[in-house]
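Bear in mind the structure is a predicted one, so any value in this text is a computation, not a measurement.
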Amino acid sequence: MLHIFSNMKTRDRWLALLCVLLVCGQVYFDLRLPDYTAEITVLISSEVTELSQYFVAGRNMLGCALCSALLTVVVGYLAAMIAADFSFDVRAKLFNKVAAMGSGEIKKFSTASLITRTTNDITQIQMIIAMGLQMMLRAPIMAVWAIIKIVGKSWQLSAVVAAAVVIVVGAMIILLAIMIPKFRIVQRQIDDVNRLTDENLSGIRVVRAFNAEQYQEDKFETANDNLMRTQLFTGRGMAVLSPIMMFVQSGVSVAIYYVGAWLINAIHVPLDGTAEAIMASVSERSVMLGEVVSFSSYALYVIMSFVMLLMIFMMLPRAQVSANRINEVIDCDIAVQEGTETTSEETGSIEFRDVSFRYPDASEDCLKHISFSAKKGETVAFIGATGSGKSTLAGLVARLYDVTDGTVLLDGKDVSSYDFETLYDKIGYIPQKATLFANTVEGNVAFGKSGHTLTDADVDNALDIAQATEFVQEMDGGKDGWIAQSGSNVSGGQKQRLSIARAIARKPEILIFDDSFSALDYKTDRTLRQRIKTDLKGTTCLIVAQRIGTIRNADKIVVLDDGAVAGIGTHEELMQNCSVYQQIALSQLSAEELAANA
């Protein structure tokens with residue numbers, strides 16, 4: 001946990017130090033109250049008739065109480081401010097770290113777990129800081145200070161307090177030993193609940209289409225029930241604490257007054273002695289009564305201190321688990337590191353030189369010795385069976401991953417040598433699964449930072465090329481029409497066209513279509529490709545596709561088979577010399593259709 005606190009701002013550290021000083025003052029005023037209580041007790045026992053003396057002691061008690069209350073408010077305010085500021089910084093750092101992660105790192109943690117770490121885990125840290133600055137600081141200071149005040153007054157009364165402390169500490173150790181493993185389990189179970197909720201919401205159409213509502217409900221019920229049972233266990237464990245503490249506090253008070261009465265009674269009053277001796281004995285009894293009253297208050301402060309420590313220690317294990325989970329993300333090594341190059345002599349060229357790639361923890365390469373090149377303005381297509389590595393190959397250009405062996409050159413330089421801003425200014429990437437954000441149509445198309453300022457004309461042109469103008473104009477508000485989160489209020493084909501428009505609007509050197517035409521009908525597919533060819537001359541296109549009709553007019557087609565190149569050439573060349581391509585083509589079109597299209 002200390003690791004996560006090492007990034008605390010200097011200002012927050014100074015405020016935390018100020019909290020320590022204020023807590024010391026608060027404890028001082030709290031521990032002065034028993035002294036004044038003892039003074040008033042002695043005054044009552046000595047039958048003092050001067051009311052002014054009572055008023056002085058009462059005024060001092062009121063002053064101490066008000067000062068303690070004021071310092072409590074100030075400490076609470078500062079603690080809340082420090083905790084909120086710290087959690088803000090950690091949440092921002094965690095978010096930025098996740099944003100910098102590649103696909104491999106995100107798969108390692110899972111989306112549901114990353115959401116839990118960014119929300120629930122940081123909340124646990126915030127709570128321990130806010131309460132720790134108030135209770136964790138106050139408890140040991142108060143306990144030590146109160147013990148110092150009572151040590152040496154009476155060994156009998158001190159023994160009573162010591163026995164109570166032993167009982168409290170014993171209960172604390174037993175509860176911590178039982179609860180710590182359960183707190184670790186709780187965080188993992190929260191991950192499971194988040195994951196199932198996310199799966200059910202994102203796949204609601206599939207769930208309903210397959211009549212699997214009950215199945216999903218049963219899965220969620222199981223995870224939710226496991227979380228409930230674990231939290232009930234920890235809650236009941238915490239509930240045991242309250243009666244134990246009540247018993248200890250009440251028992252200490254009874255024991256102290258019982259022992260105190262015995263000590264007072266042990267002070268002999270010589271009834272047949274002189275008046276001075278009698279008055280001295282009575283005065284000694286009054287002093288002892290005052291000490292018993294103050295001792296009772298100090299003992300309760302000691303017990304309260306251990307109760308506060310116990311409450312913190314009950315929260316600390318869960319906060320420790322949360323801190324470890326946050327540190328796992330912050331300390332995670334990012335595989336794709338940013339380069340330094342910002343310029344290049346060539347534009348729009350791509351070359352793969354003997355490239356092989358293996359996913360982390362995989363047993364073998366999924367891409368093997370891939371070599372090809374694409375010149376500026378060319379269209380290069382990739383086709384092959386499902387799982388042959390087409391999307392992975394396209395992702396290497398966009399640096400979703402880095403190659404295992406070989407080199408990917410972009411504009412004559414290793415793609416890993418560019419800084420991210422320069423690299424992504426060169427590339428317009430349309431992923432296989434279109435992603436839209438809760439924003440207007442124009443906001444989605446003009447999304448992100450580009451190498452040039454996007455104008456309304458750029459957005460209109462991109463929508464027109466992507467064949468999205470017609471349905472956008474029919475939306476309420478046109479370009480100002482609202483797109484719901486994940487594009488849930490538009491169809492799959494409309495989402496894909498807006499995603500394509502977003503990439504085109506940036507005017508990149510290279511457009512990467514990762515199976516982006518599969519959601520489009522044949523007419524839209526053909527028209528869109530024709531517009532790209534005529535309106536975006538000079539733009540290099542990489543197309544991952546399943547349909548022969550989408551790629552047959554490409555300048556170069558790369559056929560992949562089980563991660564290796566099975567053939568490279570035009571459609572006509574591959575139909576002559578590549579059996580893998582022939583099989584794919586004949587599985588989609590008849591020989592007569594292929595001949596007619598030719």
Side-chain angles (χ1 to χ4, degrees), residues 95-107 332-360 366-367 369-380 382 389-432 435 446-454 458 462 499-500 502-514 516 532 536 538-544 556 558:
F95 180 86
N96 293 334
K97 184 73 173 187
V98 172
M101 285 181 175
S103 301
E105 289 83 19
I106 290 184
K107 289 178 182 177
C332 175
D333 293 328
I334 304 297
V336 179
Q337 296 294 328
E338 188 173 11
T340 57
E341 293 288 344
T342 57
T343 58
S344 60
E345 297 179 0
E346 301 179 21
T347 56
S349 66
I350 299 170
E351 183 178 359
F352 275 58
R353 291 182 182 174
D354 194 31
V355 169
S356 297
F357 174 74
R358 177 180 301 183
Y359 283 104
C366 64
L367 291 176
H369 307 291
I370 307 294
S371 296
F372 71 91
S373 62
K375 298 178 182 178
K376 179 180 180 180
E378 286 188 340
T379 298
V380 178
F382 307 97
K390 305 183 297 297
S391 295
T392 302
L393 188 147
L396 293 177
V397 180
R399 285 204 76 193
L400 301 182
Y401 305 94
D402 275 340
V403 299
T404 304
D405 294 304
T407 308
V408 178
L409 299 177
L410 179 64
D411 293 344
K413 294 184 178 180
D414 191 328
V415 68
S416 63
S417 66
Y418 291 103
D419 70 1
F420 289 146
E421 184 172 346
T422 301
L423 174 64
Y424 294 118
D425 276 343
K426 293 176 176 289
I427 294 174
Y429 180 68
I430 303 97
Q432 191 170 7
T435 301
F447 177 79
K449 184 178 180 182
S450 177
H452 69 283
T453 302
L454 294 180
D458 293 329
S499 182
I500 293 171
R502 180 169 58 204
I504 293 174
R506 296 168 58 85
K507 298 180 180 178
E509 299 175 11
I510 299 166
L511 280 171
I512 302 175
F513 297 91
D514 185 3
S516 309
I532 290 174
L536 302 178
T539 301
T540 306
C541 293
L542 302 181
I543 301 176
V544 174
K556 188 181 296 182
V558 179

Does any N or O in the side chain of Arg502 come within less than 3.5 Å of the main-chain N or O of Gly428, such that one atom is a donor and the other an acceptor?
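It does not hold such a pair.
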Mark yes or no for whether Tyr424, through its side chain, and Ala398, through its backbone, hold a donor-acceptor pair below 3.5 Å.
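Indeed, once roles are kept as given, a pair shorter than 3.5 Å links the two residues.
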Quick one: are [X] and [Y] in side-chain contact, heavy atoms under 4.5 Å?
X	Y	result
Gln432	Ser516	no
Pro508	Ile510	no
Tyr418	Thr340	no
Leu400	Thr392	no
Ile500	Phe513	yes

Could you pull out the closest heavy-atom pair between [X] and [Y], with the gap in Å?
X	Y	result
Val415	Leu423	CG2-CD1, 3.6 Å
Val397	Ile427	O-CD1, 3.5 Å
Phe357	Val403	CD1-CA, 4.2 Å
Ile334	Met101	CD1-CG, 3.7 Å
Arg399	Phe420	NH1-CE2, 3.8 Å

Could you list the donor-acceptor pairs under 3.5 angstrom formed by side chains in residues 370-379, with sequence neighbours left out?
| from | atom 1 | to | atom 2 | distance (Å) |
| --- | --- | --- | --- | --- |
| Ser371 | OG | Asp354 | N | 2.8 |
| Glu378 | OE1 | Lys375 | N | 3.0 |

Go through the structure and list residues passing salt bridge (Lys or Arg N to Asp or Glu O under 4.0 Å) with Glu351, not counting sequence neighbours.
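For Glu351 the salt bridge (Lys or Arg N to Asp or Glu O under 4.0 Å) partners, ignoring immediate neighbours, are Arg353.
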Take Leu393 and Val544, measure what side chain to side chain contact (heavy atoms under 4.5 Å, CB included) needs, and give me the verdict at the end.
CA-CA 9 Å; Leu393 188 147; Val544 174; over 6 Å; no
Indicate whether the side chain of Asp514 and that of Ser391 have a donor and an acceptor atom separated by less than 3.5 Å.
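Yes, side-chain donor-acceptor contact under 3.5 Å.
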Show me, pair by pair, the donor-acceptor contacts under 3.5 angstrom made by side chains of residues 405-412, not counting sequence neighbours?
| from | atom 1 | to | atom 2 | distance (Å) |
| --- | --- | --- | --- | --- |
| Asp411 | OD1 | Gly348 | N | 2.6 |
| Asp411 | OD1 | Ser349 | N | 3.1 |
| Asp411 | OD2 | Lys426 | NZ | 2.7 |

